[in-house]
Novice: 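Structure in structure tokens, see below.
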Amino acid sequence: MTVTLESPNVKTATETRVYGIRHHGPGSARSLRAALDEFVPDAILIEGPSDADPLVALAASEYMHPPVALLAYSTAAPSNAAFWPFAVFSPEWQAIQWAAAHNVSATFCDLPASQTIGVKPAEDEKREERDPLVRLAAAAGYDDAERWWDAIVESTSDAESFDAITEAMASLRETSYIDSRTLQREAYMRQTLRKAIKAGSQRIAVVCGAWHAPALTGTLGPATADARLLKGLPKTKTSLTWVPWTHSRLASRSGYGAGITSPGWYHHLFTETEHPIVRWLTKVARVLRAEDLPVSSAHVIESVRLTETLAAMRSRPLAGLSEVTEATRAVLCDGDDVLLALITNKLVVGEKLGAVPDETPTVPLDADLRARARTLRLKQTPSAMKLDLDLRKPNDLAKSQLLHRLLLIGIGWGTITDSEVRSTGTFRETWTLEWQPEFSVSVVEAAMWGTTVEAAAEAKILDRAGNDDTTLGELTNLLERALIADLADVLPQLLKIVETAAALDHDVAHLLAAVPPLTRTMRYGDVRGTDTAAITHVADSLLVRICAGLGSAVGNLDDDSASTLRTLIDDTHASVMTRDDATTSDRWMTALESISHRSDVHGLLVGRIVRLLRDAGRISESDSATRLSHALSIGAEPAAKAAWVEGFLAGGGLLLVHDRELLRLLDDWLASLGGQDFIDALPLLRRTFGSFETGERHAIGQAVRSPGTTQRNSVQQVDPERGRIAMAAVAQILGFSQ
């Protein structure tokens, strides 16, 4: 078709063809390649941000492997970003590749990213009809627009289909609402087309979404009308680059507006031109065999036959995803939808991760991260991967330090998980690595802190430590993380900040919260060969102040405060015991002993302290039983007694299994409770016993039922009157007459 400009001064010898495509469709991509081979344009305009034109040349690099995406972000606020993804089967990507192969100019023609990032949708855009293709699909007898497009367009390759698509879209647009943003975008595309014509291009191909095609065909009209639409659009200073992308992020279930349901299937259709159905079902069989499922060649053959039969019954030229899925479910999965979901995740959607060349423009931090990952042989994979590290090995230690530094600057490439390798030391770490495309934005955001991962982590941790709102416990946690990440240059500064904060903080709860991270820091220092003398000094001074102030901090607390302090005491006690220093342990135990006899301390705390002293051997088993008996016999409320029991027993059900005297005391007390007293104490008791393992609760029940466990083994008295009432109710329920 020929596009004309309404201007008497412009010659109209340029031939322009508009190809309305689906943004991620293998049929559209293959048809477009055929159409370009036939038309042989000398310029191609592609729907995409026009300020990304300098990056087009990189798409021809041998090291660029889709899926990839154009990333545009606000230079002042990198979190304000947008992506334009491309797969190998995206028609726009194929247009770029065709232009590179034929030495033809390829440029983007949509609104620049600087005028789209951060722009809130107008009210009329919010009312936009999201998928006008639904009406076309319904007219063709399809209840799913995606299935209709897949059947009509994606399963075929016809260079002549574009005119029909444009005509259909034009009919739809006549009765559809078109929002203001779409009108602005189309005005900009027409302006770009006008510039290409004036620049002297003779044969121009325009590749855009099918919905926009009618707006770019025929007479372009006066430029002044489009200029008015574009006047006054806000601009933001932006930076653009290429970043790796994944098939799963192309899927509609990821929330991507132009997403498709089956990127893995579309990739297969585009790349496997010979016997695509046979090759696909062979892939399905391979995935199932990897799960140790018995799938033979006969299964594959039968599933191919069923697929072709279904396609013939439905008058389809080539089997589509629906036919393949039905055959997979019936033959290869034996009707099991769980196995079908596995195939959907691994193949139909897939997790292919793209790659970009090293010369792609990026922030220095990203370049350093890539170099470090390459040196350490850490691959950015889109699917979760377990990584077991032995910190005694230099290379594994370096991997651990890099991953910890990335966590400090907000890049969660790795997360620490429970290790499957049995180890009683601190020299092992297990990570789960999973690279997400959005981390590219996180890297840009973190670039403000430094040009390398190490420098950025140091700057970020010092910034957080210098915040006035950072508590002492948080400071010691930062100190621990700095040591784990091997940020040796900031340790002296952090220690000074911690010491200053500790000297000014008189809250015992804050001091208690600071001890466990310091103790862990000393242990990590031992593994990593770091000098922790200064950290030990800080920890010792904190414990001295805690022991001096603990007595006044535990008096007359309410339930919530007592529960919070009990947790802090538990954590500090575990830290002191782990450290295994005689002087430190004695100082701590002495402080606990001074509290264990006081009557003004909440029962939850006293019970817990008695239990800690008993476990540490500071009081005998008989002494702890006597204290339990005394706590349960004094004239306190049942709820207060239950709190004492909760503190004493929490997390230790086996104690009652092995100490029958304690079990007898507790059983006698429970049996002595009246109706209302039992109801009042029940929530605390349920919480206490609910924390025990199932096996522990079962063993306690067996012990209570065993002869000699308690002093109450007499036969329970039967109340005949209550029994008669119960039997009458049962008879009425069962329909028996009395």
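Predicted model only: the values in this text are computed from it and were never measured.
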Novice: For the CG atom of L403 and the CH2 atom of W413, what is their distance to the nearest 0.5 Å?
Specialist: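 Going from the CG atom of L403 to the CH2 atom of W413 covers 6.5 Å.
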Novice: Taking the side chain as everything from C-beta on, heavy atoms only, tell me whether S400 gets closer than 4.5 Å to L391.
Specialist: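 Heavy-atom side-chain distance check passes, below 4.5 Å.
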Novice: Is the closest side-chain donor-acceptor distance between T246 and S248 under 3.5 Å?
Specialist: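 Yes, S248 and T246 have a side-chain donor paired with an acceptor closer than 3.5 Å.
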Novice: Can you tell me how far apart CG (L402) and CG (L397) are? Round to the nearest 0.5 Å.
Specialist: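 That separation rounds to 11.5 Å.
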Novice: Just verifying a value: how many Å separate L478 CG and R464 CZ, rounded to the nearest 0.5 Å?
Specialist: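 L478 CG to R464 CZ: 5.0 Å, rounded to 0.5 Å.
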Novice: Kindly indicate whether the side chain of N345, heavy atoms from C-beta on, has any atom under 4.5 Å from the side chain of L342.
Specialist: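 Contact flag for N345/L342 side chains = no.
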Novice: Taking all heavy atoms of S440 and all of W435, pick out the closest pair and write down the distance.
Specialist: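 Result for this residue pair: N-CZ2, 4.5 Å.
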Novice: The test is side-chain contact (heavy atoms from CB on, under 4.5 Å); show your working for T417 and W431 and say whether it passes.
Specialist: CA-CA 6 Å; T417 56; W431 294 78; 5.8 Å; no
Novice: Between T432 and I416, is any pair of side-chain heavy atoms under 4.5 Å apart?
Specialist: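 Heavy-atom side-chain distance check fails, nothing below 4.5 Å.
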Novice: State the CD-CZ distance between Q436 and R249, to the nearest 0.5 angstrom.
Specialist: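 The CZ atom of R249 is 5.0 Å from CD of Q436, to the nearest 0.5 Å.
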Novice: Does the side-chain contact (heavy atoms from CB on, under 4.5 Å) test come out yes or no for D571 and L512, once each step is laid out?
Specialist: CA-CA 8 Å; D571 292 342; L512 286 167; over 6 Å; no
Novice: Quick one: do R587 and D540 make a salt bridge, cutoff under 4.0 Å?
Specialist: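 No, no charged N to carboxylate O under 4.0 Å.
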Novice: Do L592 and H573 make a side-chain contact, defined as non-hydrogen atoms from C-beta onward lying under 4.5 Å apart?
Specialist: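 Result yes, sub-4.5 Å side-chain heavy-atom pair found.
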Novice: Check whether any side-chain heavy atom of L378 sits under 4.5 Å from a side-chain heavy atom of R372, and report yes or no.
Specialist: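 A side-chain contact is absent here, since even the closest heavy-atom pair is not under 4.5 Å.
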Novice: Within the distance-only criterion (no hydrogens, no angle test), does the side chain of D463 pair as donor or acceptor with the backbone N or O of A459 below 3.5 angstrom?
Specialist: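 Not confirmed, D463 side chain does not pair with A459 backbone.
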Novice: Between V443 and I409, is the side-chain contact (heavy atoms from CB on, under 4.5 Å) condition met? List the steps.
Specialist: CA-CA 8 Å; V443 172; I409 57 177; over 6 Å; no
Novice: Minimum heavy-atom separation for G549 and V508, please, with both atom names.
Specialist: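 It is O-CG2, 3.6 Å.
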Novice: Hey, does V356 have a side-chain heavy atom less than 4.5 Å from the side chain of T362?
Specialist: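 SC-SC contact between T362 and V356 ruled out.
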Novice: Quick check against the 3.5 Å criterion: does R598 have a side-chain atom that pairs as donor or acceptor with the backbone of G551?
Specialist: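 Such a contact is found between R598 side chain and G551 backbone.
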Novice: Set out, in order, the CA-CA distance, both residues' side-chain angles and the distance that settles salt bridge (Lys or Arg N to Asp or Glu O under 4.0 Å) for D586 and R618, then state yes or no.
Specialist: CA-CA 10 Å; D586 183 68; R618 299 288 288 216; 3.3 Å; yes
Novice: Over all heavy atoms of both residues, which pair between E593 and H597 is shortest? Give the atoms and the distance, please.
Specialist: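 In terms of heavy atoms, the two residues are closest at O-CD2, 3.9 Å.
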Novice: Has D368 got a side-chain atom pairing as donor or acceptor with V453's backbone, closer than 3.5 angstrom?
Specialist: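 Such a contact is found between D368 side chain and V453 backbone.
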Novice: Could you tell me whether K399 and D390 make a salt bridge, using a distance below 4.0 angstrom between a side-chain N and a carboxylate O?
Specialist: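 Salt bridge flag = no for D390 with K399.
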Novice: Rounded to the nearest 0.5 Å, how far apart are CG of L369 and CG of L406?
Specialist: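 Rounded to the nearest 0.5 Å, the CG-CG separation comes to 5.5 Å.
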Novice: Do S561 and D558 pair up side chain to side chain, a donor and an acceptor below 3.5 Å, judged on atom types alone?
Specialist: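 Present: a donor and an acceptor within the cut-off.
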Novice: I'd like to know if the side chain of T500 and the backbone of K496 have a donor-acceptor N/O pair within less than 3.5 Å.
Specialist: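 Indeed, once roles are kept as given, a pair shorter than 3.5 Å links the two residues.
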Novice: In sequence, state the C-alpha distance, the side-chain angles, and the governing distance for W588 and I546, and then conclude on side-chain contact (heavy atoms from CB on, under 4.5 Å).
Specialist: CA-CA 9 Å; W588 172 248; I546 289 170; 4.0 Å; yes
Novice: Does the S594 side chain pair with the main chain of A591, one donor and one acceptor, at a distance under 3.5 Å?
Specialist: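 Flag set: sc S594 to bb A591 pair under 3.5 Å.
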Novice: Determine yes or no for a side-chain-to-main-chain donor-acceptor pair under 3.5 angstrom, with R608 supplying the side chain and R566 the backbone.
Specialist: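 Here the side-chain-to-backbone pair does not exist.
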Novice: With rounding to the nearest 0.5 Å, note down the distance linking CG in L494 to CG in L487.
Specialist: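 CG of L487 is found 8.5 Å from CG of L494.
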Novice: Going by an N to O cut-off under 4.0 Å, is there a salt bridge joining E474 and R481?
Specialist: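 Between R481 and E474 there is no salt bridge, as every charged N stays at least 4.0 Å from the carboxylate O atoms.
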Novice: Return the minimal non-hydrogen interatomic distance between A446 and A456, and the atom names on each side.
Specialist: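 Closest approach of A446 to A456: O-CB, 4.2 Å.
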Novice: If the plane angle is over 60° it's perpendicular, under 30° parallel, otherwise tilted; pick one for W245 and F83.
Specialist: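 Ring orientation of W245 relative to F83: tilted.
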Novice: Taking all heavy atoms of A539 and all of L518, pick out the closest pair and write down the distance.
Specialist: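 A539 and L518 have their closest heavy atoms at CA-CD1, 3.9 Å.
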Novice: Is there a donor-acceptor contact under 3.5 Å linking the side chains of E429 and H404?
Specialist: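 Side-chain D/A pair, E429 to H404: present.
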Novice: Just so I know, are the side chains of K352 and P382 near enough to count as touching, which here means a heavy-atom distance under 4.5 Å?
Specialist: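 Counting from C-beta outward, K352 and P382 never come under 4.5 Å.
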Novice: Under a 3.5 Å distance rule, please check whether T572 uses its side chain to pair with a backbone N or O of I569 as donor and acceptor.
Specialist: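 Such a contact is absent between T572 side chain and I569 backbone.
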Novice: Might you work through the salt bridge (Lys or Arg N to Asp or Glu O under 4.0 Å) test for K346 and E291, ending with a clear yes or no?
Specialist: CA-CA 12 Å; K346 288 197 171 185; E291 300 294 325; 3.4 Å; yes
Novice: Please check: side-chain N/O of T451 versus main-chain N/O of A447, any donor-acceptor pairing under 3.5 Å?
Specialist: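 No; judged by distance alone, with no hydrogens or angles, the pair does not exist.
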Novice: Would you check, one step at a time, whether the test side chain to side chain donor-acceptor pair (under 3.5 Å) holds for S239 with T75?
Specialist: CA-CA 6 Å; S239 300; T75 306; 3.2 Å; yes
Novice: Could you tell me whether the side chain of S563 and the main chain of D560 form a donor-acceptor pair under 3.5 Å?
Specialist: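 No; judged by distance alone, with no hydrogens or angles, the pair does not exist.
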Novice: Mind listing the closest non-hydrogen atom pair of L472 and A501 along with its distance?
Specialist: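 Nearest pair, atom of L472 first, then A501: CD1-CB, 4.0 Å.
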Novice: Around R579, counting heavy atoms of other residues, nucleotides and ligands shown, do more than 12 lie under 6.0 Å from its CZ?
Specialist: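 Yes, enclosed.
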Novice: With a 4.5 Å cut-off on side-chain heavy atoms, are R374 and D358 touching?
Specialist: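 They are in contact (side-chain heavy atoms under 4.5 Å apart), so the answer is yes.
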